[in-house]
Asks: 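This is the structure, below, for whatever I ask next.
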Amino acid sequence: MEITMNLLMMLGGVAVFMFGMKQMSSGLEQSAGNGVRNLFKKMDKNRVVNYGIGAGATALVQSSSATSIMTVGLAHAKIVTVKQGAGFILGAKVGTTVSAYIFALSGLSKGGFSISALFSALSFIGVLIIFTTSNEKLNRIAPFLIGFGMLFIGLEVMETAIGGADSPLSIGLSQIFKYEIMQNPFLLVILGILFTAIIQSSSAASGVFIAFLASGVITNIDQSFFLVMGANIGTCSDGIMASLTTNAYGKRIALFHVITSVIGAISFMFILIAFRMPIVSFFENMFPTNPQFSMATFNLIYNAIYTSILLLFLDPLVNFVTKTIKDKDQELEELTYIDESFLQTPSVAIEQALKELHDMANLAKENIDRAFASLINADMSESKTIADVEYRINFLTNKLTSFFIKISSVNQNARDQELIGGLHHVANDIERLGDYAVLLVKETNEMKSNEIEFLEETKEELNEIYVYIDQMFALGFDAFTHRKTENFREIARLQKKIKKMISASRNAHVARLSSELYPVEASKSVYSTLFSLQRISDHLVNVAFSIRSTTGSKTEAMEAVEKEELANAAR
């Protein structure tokens with residue numbers, strides 16, 4: 001029963017300590033807020049300066065979690081670059097080690113004097129300020145004093161509950177750390193990660209580990225070293241949670257925080273495993289009667305060394321997280337095939353441009369499919385995707401147009417010049433195909449806003465027309481990609497068929513209006529949709545026939561094919 005009651009008291013002490021930690025951090029943010037903001041204003045391109053700012057700001061607010069969340073937010077808002085924020089994050093790791101030294105003071109006493117008792121009394125002063133004065137400056141300091149005092153009250157409660165090294169609870173808890181499995185560095189690091197992720201504060205985790213050292217629960221100081229390295233990784237959970245709702249810039253900061261923390265922990269874990277005895281002896285000799293200071297000092301040295309080294313490799317680390325987490329605009333602005341290096345061999349450059357153009361045509365086809373399905377089903381769920389793809393099509397159009405001009409400047413071959421001239425027109429036709437996808441989805445939105453729906457008869461007519469358009473897409477892209485004319489007559493036939501069907505659908509709509517099956521307001525949507533489908537078929541003809549006509553003229557292309565056929569027959 002005694003062990004159970006002491007365990008409950010220890011948990012109460014942990015609760016008081018953690019609440020005091022939160023209260024102190026909150027109070028520091030209020031009282032030191034201007035100082036932190038002034039430090040942020042000094043952030044510049046110098047990585048060492050940003051490292052120092054990170055250490056200073058975190059030392060002021062005593063929470064690496066708070067500073068990492070702030071950095072994620074600043075990167076999200078594009079107030080700081082990822083590189084600036086990365087330097088700040090590394091510095092924050094050093095700044096947060098100050099708290100471990102403060103907690104370590106709880107175990108110091110001389111004669112009848114106890115530092116813990118002195119600091120605990122600060123809570124009373126803070127409460128006294130709140131209840132006796134309305135002074136704004138004092139009231140900003142009061143939460144910090146209350147939280148700071150509660151830290152030591154919590155530590156004292158924990159240590160009292162645990163008792164001395166011979167108490168039943170201390171023996172029970174220390175027995176856990178004496179199991180052979182608890183000597184495993186990997187397990188200790190994982191425990192440190194999990195414990196810190198749960199309580200959401202590496203500083204608070206350090207305080208608990210220090211209480212365990214001071215009360216004799218942990219007798220091997222190297223175990224606390226592995227635990228604190230795990231805590232260094234576990235504290236990244238705050239930044240990860242904060243980044244979930246941010247853009248790519250905020251997520252990059254969170255990923256940088258995780259990667260650097262893992263690199264530091266793994267590196268030092270292997271160093272500590274390899275040189276366990278000399279390192280332990282060094283710290284035991286430095287603080288023979290105060291093991292909590294050994295942990296605090298190791299925490300400082302560990303964070304200072306690995307962050308300083310990683311600061312030298314800041315550029316490749318930032319490049320890595322940037323490439324790993326791509327901005328949405330970056331994804332939409334990637335070129336798959338074309339590159340200026342191909343301009344040295346114009347024939348290769350043309351082939352690469354054709355591949356990029358083909359991918360662009362597929363994007364337009366997929367977008368029109370989405371837009372048409374949205375229209376028929378009165379569903380706007382794909383509107384964001386349609387807008388993103390349209391953005392990419394426009395981007396590719398601009399890049400391809402620029403690339404064609406550059407090819408022309410380095411290639412004087414008459415035949416290639418003619419081909420490039422045709423590709424200019426094809427790029428424009430494909431870009432226009434993409435525009436009609438946007439027009440269709442806009443029409444869907446207007447219909448939903450005005451509560452207009454197509455009749456089933458109209459939907460059937462539109463679907464029948466789209467079946468032929470789908471065939472034109474397949475034949476037209478095949479003709480363009482493989483540079484063959486066998487599909488020309490079938491494409492021309494399909495275009496005529498579509499025109500007749502569109503004309504019949506317009507007439508049918510007029511009849512439905514006369515029969516009052518449709519409101520007058522529906523006419524705009526019906527005619528706009530039919531017009532878009534007609535123009536899509538026209539642009540598909542231009543794309544296909546461009547292989548025999550620079551402008552995509554059906555007449556010109558058919559004449560060229562007939563001449564070729566006559567020439568072949570004459571042979």
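Bear in mind the structure is a predicted one, so any value in this text is a computation, not a measurement. FYI, the numbering just counts along the sequence from 1.
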Asks: Flag the pair Asn303 / Tyr306 as yes when at least one side-chain heavy-atom distance between them is below 4.5 Å, and no otherwise.
Replies: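 Of all side-chain heavy-atom pairs linking Tyr306 with Asn303, at least one is under 4.5 Å.
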Asks: Counting C-beta onward and ignoring hydrogens, is there a side-chain heavy-atom pair between Glu284 and Val280 closer than 4.5 Å?
Replies: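 Glu284 reaches Val280 side chain to side chain.
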Asks: So that I can tick it off, tell me whether Lys365 and Asp369 are bridged by a salt bridge, with the cut-off set at under 4.0 angstrom between side-chain N and carboxylate O.
Replies: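 Salt bridge: yes.
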Asks: Distance only, no hydrogens: is a donor on one side chain within 3.5 Å (strictly under) of an acceptor on the other, for Ser261 and Lys93?
Replies: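 Looking only at side-chain atoms, Lys93 and Ser261 do form a donor-acceptor pair, the distance falling under 3.5 Å.
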Asks: Taking the side chain as everything from C-beta on, heavy atoms only, tell me whether Phe124 gets closer than 4.5 Å to Ile146.
Replies: no
Asks: Tell me if the CZ atom of Phe320 is crowded by more than 12 foreign heavy atoms within 6.0 Å.
Replies: no
Asks: So, Thr133 side chain and Ile129 main chain: donor-acceptor pair closer than 3.5 Å or not?
Replies: no
Asks: Can you confirm whether Val189 sits close enough to Leu227 that some side-chain heavy atom of one is under 4.5 Å from a side-chain heavy atom of the other?
Replies: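 They are not in side-chain contact.
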Asks: Got a sec, which residues hit side chain to side chain contact (heavy atoms under 4.5 Å, CB included) with Ile190, two or more places apart in sequence or on another chain?
Replies: Leu194
Asks: Out of Phe275, Phe283, Tyr302, Phe282, which one pairs with Phe225 under the ring-ring contact (aromatic ring centres under 6.0 Å, His included) rule?
Replies: Phe283
Asks: Roughly how far, to the nearest 0.5 Å, is the CD1 atom of Ile233 from the CD1 atom of Ile266?
Replies: 6.5 Å
Asks: Could you tell me whether a side-chain N or O of Thr345 sits under 3.5 Å from a main-chain N or O of Val348, the two making a donor and an acceptor?
Replies: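 Looks like no, no N/O pair under 3.5 Å.
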Asks: Are the side chain of Thr235 and the backbone of Asn232 linked by a donor-acceptor contact shorter than 3.5 Å?
Replies: no
Asks: Just wondering, do Met286 and Phe293 contact through their side chains at under 4.5 Å, heavy atoms?
Replies: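 Side-chain contact under 4.5 Å: no.
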Asks: For Gly264, is there any backbone N or O sitting under 3.5 Å from a side-chain donor or acceptor partner on Ser267?
Replies: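 Absent.
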Asks: Provide the closest heavy-atom pair for Met229 versus Phe268 in the form atom of the first, atom of the second, distance.
Replies: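 What the structure gives for the nearest pair is SD-CB, 3.6 Å.
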Asks: Got Asn394 and Tyr391 here, is their nearest side-chain heavy-atom distance under 4.5 Å?
Replies: no
Asks: Just wondering, do Ile259 and Leu255 contact through their side chains at under 4.5 Å, heavy atoms?
Replies: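 Side chain of Leu255 against side chain of Ile259, heavy atoms only: contact under 4.5 Å found.
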Asks: Can you see which heavy atom on Ile130 is nearest to which on Ala142, and at what distance?
Replies: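 For Ile130 and Ala142, the tightest heavy-atom pair comes out as CG1-CB, 3.7 Å.
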Asks: Would the distance check show the side chain of Asn299 and the main-chain N or O of Met295 forming a donor-acceptor pair, the cut-off being under 3.5 Å?
Replies: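 The answer is no, because no donor-acceptor pair under 3.5 Å joins these two groups.
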Asks: Check whether Thr260 reaches the backbone of Phe256 with its side chain - one donor and one acceptor, N or O, closer than 3.5 Å.
Replies: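 Yes; judged by distance alone, with no hydrogens or angles, the pair exists.
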Asks: Taking atom types as modelled, find out whether Asn50 and Arg47 have a side-chain donor-acceptor pair closer than 3.5 angstrom.
Replies: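 No.
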Asks: Show the nearest heavy-atom pair for residues Tyr337 and Glu356, with the distance to one decimal.
Replies: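 Between these two residues, the closest heavy atoms are N-OE1, 2.7 Å.
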Asks: Is Ser224 reaching over with its side chain to a backbone N or O of Ile221, donor-acceptor style, under 3.5 angstrom?
Replies: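 The answer is yes, because a donor-acceptor pair under 3.5 Å joins these two groups.
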Asks: Do any N or O atoms from the side chain of Glu366 and from the backbone of Leu363 form a donor-acceptor pair under 3.5 angstrom?
Replies: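 No, because the side chain of Glu366 does not come within donor-acceptor range (under 3.5 Å) of the backbone of Leu363.
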Asks: Is there a donor-acceptor pair under 3.5 Å between the side chain of Asn220 and the backbone N or O of Asp222?
Replies: no
Asks: Which heavy atom of Met380 sits nearest a heavy atom of Val441, and at what distance?
Replies: SD-O, 3.8 Å
Asks: For Phe298 and Val228, run side chain to side chain contact (heavy atoms under 4.5 Å, CB included): C-alpha distance rounded to whole Å, both residues' side-chain angles, the deciding distance at 0.1 Å, then the answer.
Replies: CA-CA 9 Å; Phe298 172 82; Val228 83; 4.0 Å; yes
Asks: Determine the minimum heavy-atom distance between Ser374 and Ile386, stating which atoms define it.
Replies: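 Taking Ser374 first and Ile386 second, the nearest heavy atoms are OG-CD1, 4.3 Å.
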Asks: Would you call Lys384 and Asp388 a salt bridge, using N to O less than 4.0 angstrom?
Replies: yes
Asks: Taking all heavy atoms of Ile253 and all of Ile89, pick out the closest pair and write down the distance.
Replies: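 Taking Ile253 first and Ile89 second, the nearest heavy atoms are CG2-CG1, 4.0 Å.
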Asks: Answer yes or no on whether Arg252 is positioned over the face of Tyr249, meaning its NZ or CZ is under 6.0 Å from the six-membered ring centre and within 45° of the axis.
Replies: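 Yes, Arg252 sits over the ring of Tyr249.
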